[in-house]
2 protein chains.
Amino acid sequence: MSLEALGPHQGDADALARRLARALLGGDWQPGDAFPKELDIAAHCAVSRNLVRNALASLTAAGLLERTAGRGTRVREVGDWHLLDPQMSDWLVGLAHPQPQLVRELLAFRYSAEPVVAELAARAAGPDDLARLEAAFRGMAATADASQQAAQHVEYDVAFHEAIYEASHNLIWRQMGHLLRPSILALVQHSQRPARGDDGLGDSLERHGAVLEAIRDGDGPRAARAAREVLGRTARDLGVDTETGARAD
Amino acid sequence: MSLEALGPHQGDADALARRLARALLGGDWQPGDAFPKELDIAAHCAVSRNLVRNALASLTAAGLLERTAGRGTRVREVGDWHLLDPQMSDWLVGLAHPQPQLVRELLAFRYSAEPVVAELAARAAGPDDLARLEAAFRGMAATADASQQAAQHVEYDVAFHEAIYEASHNLIWRQMGHLLRPSILALVQHSQRPARGDDGLGDSLERHGAVLEAIRDGDGPRAARAAREVLGRTARDLGVDTETGARAD
DNA sequence: CTCGCGATAAATGTCAGACATTTTGCGCTG
DNA sequence: CAGCGCAAAATGTCTGACATTTATCGCGAG
């Protein structure tokens, strides 16, 4: 692929990095391909080579690119990408069509992790954690009917899951929750599409409520089971093995 | 603190970033403090301002620093650090005295996560995964007696845990395993110190063996219980609540 | 004809200096 | 005393040159 898709540039170094990263994550270049050279990018986007270098340094730090002097810049294998890098998380926000393999891996991860996190939350949640969870849940309930408020409903859904990670009161799990945000967003948007009118949303709301109640009661195992129920349908839809939690391959 | 501790510089941009990061992680500057200005660092280390800028950009990307034009560079709060950034993982390698709060949080995370990962591994592990696990375990057994081979024993121990994450066959968990490496290393080194002669090592070896057997048998729940046993003693030593998996505070 | 070696070109890495932009704080004016 | 504006200081960006590494091509020796 070439740079044709990228028009002229507006914004700072981070903006350029974001544009390049999103083009790459969107599949404009395949792993192993040669990435455009600094000067070509600079010329095409009408920015200095310096800015391009800074942007490429960001992509390199995220494991997306591999640069060696004299050789050039190449796209690394998907397995080498730093999916847990917060920067990557930013770049994934609003990405229309992330790679389906990535989506499955992320859901499989959540399906194994969120029950544990919910269990931690059930034992560690304080008043403010419960308040966050309840606020998000009320928001979900209020926006469940009108398909017009779908966007808001998704926001509350994501906030609910983020609040669970937050309530675990563990630094690492909380960071994980933050950087999973875009992925959760994408998954929620994708999963509520097929079944909107029938049982989809109603069931979903009910299941989220079960998680909230279990956490409020401090019942860890029940919270874990409930969290698994929340993700179960989406997991089955995407072909994730709900028995092993791994990809069904 | 000042730059006095940093002598003249040798190496490339990454080396400079590592030196600055390790000085910061070692506590030379406190959160909220002002970090030295670009020109001071450049002058002190006898490198170009450009190189300093690149290094500082790395630290900023890791959430360690916050830079604003006209204002300067400040050290961010520990809660804002990107602990899951692989770069951070590199910088933590061999750090003598990481912050004790960080150590507890990391162990609490592992205590909640590794049982799940072991369960996934029990269901997904292939022949090569088992081979890795067995090789690491044999290494641990062979170096268990001689206190002279303590360093090698630690290496095998870390390799064992890394192999568990690898065997989960999930992209995210595998990356997690890789970037937990230095933390696991630090924990293992720290935990085998207090009780060397008595029951410490023998028990540890036995418990690792139980995990291996459960994974080999494909028995998920048993693998989870065994993984919890492995971390249990260290967790109790460090004051992590083994009931909730959270910090005992 | 093949293998090895060196020159050359191309790409990234580094340096130095100047200018732009943003923020802070001080001093001046009303 | 309040508010405005200017100047200093710090980071951000641009430009051009040079250094270093790597791949490639051509040439000569075997």
Q: Applying side chain to side chain donor-acceptor pair (under 3.5 Å), run through B/Asp157 and B/His153 and close with a yes or a no.
A: CA-CA 6 Å; B/Asp157 194 335; B/His153 185 79; 5.0 Å; no
Q: Take atom CG of B/Leu16 and atom P of C/dT14, then tell me their distance rounded to the nearest Å.
A: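 After rounding, the gap between these two atoms is 11 Å.
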Q) Which heavy-atom pair separates A/Ser168 from A/Trp173 by the least distance, and what is that distance? A)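 It is OG-CB, 3.4 Å.
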(Q) Holding to side-chain contact (heavy atoms from CB on, under 4.5 Å), I want the full list of residues that pass it with B/Asp129, two or more places apart in sequence or in another chain. (A)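 Checked B/Asp129 against side-chain contact (heavy atoms from CB on, under 4.5 Å); matches are B/Ala125, B/Arg132, B/Ala167, B/His169.
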**Q.** B/Arg181, B/Arg174, B/His178, B/Glu114 screened by side chain to side chain donor-acceptor pair (under 3.5 Å) with B/Tyr165, the one that passes
**A.**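 Exactly one pass, corresponding to B/Glu114.
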Name each donor-acceptor pair under 3.5 Å that joins a side chain in residues 49-56 of chain A to protein atoms two or more places apart or in another chain, with its distance.
from, atom 1, to, atom 2, distance (Å)
A/Arg49, NE, A/Glu38, OE1, 2.6
A/Arg49, NH2, A/Glu38, OE1, 3.0
A/Arg53, NH1, A/Glu38, OE2, 2.7

Q: Could you encode protein contacts along nucleotides 7-14 of chain D as a string, one character per nucleotide from 5' to 3', using B for base contact, S for sugar-phosphate-only contact and - for no contact, with a heavy-atom cut-off of under 4.0 Å?
A: ---BBBBB
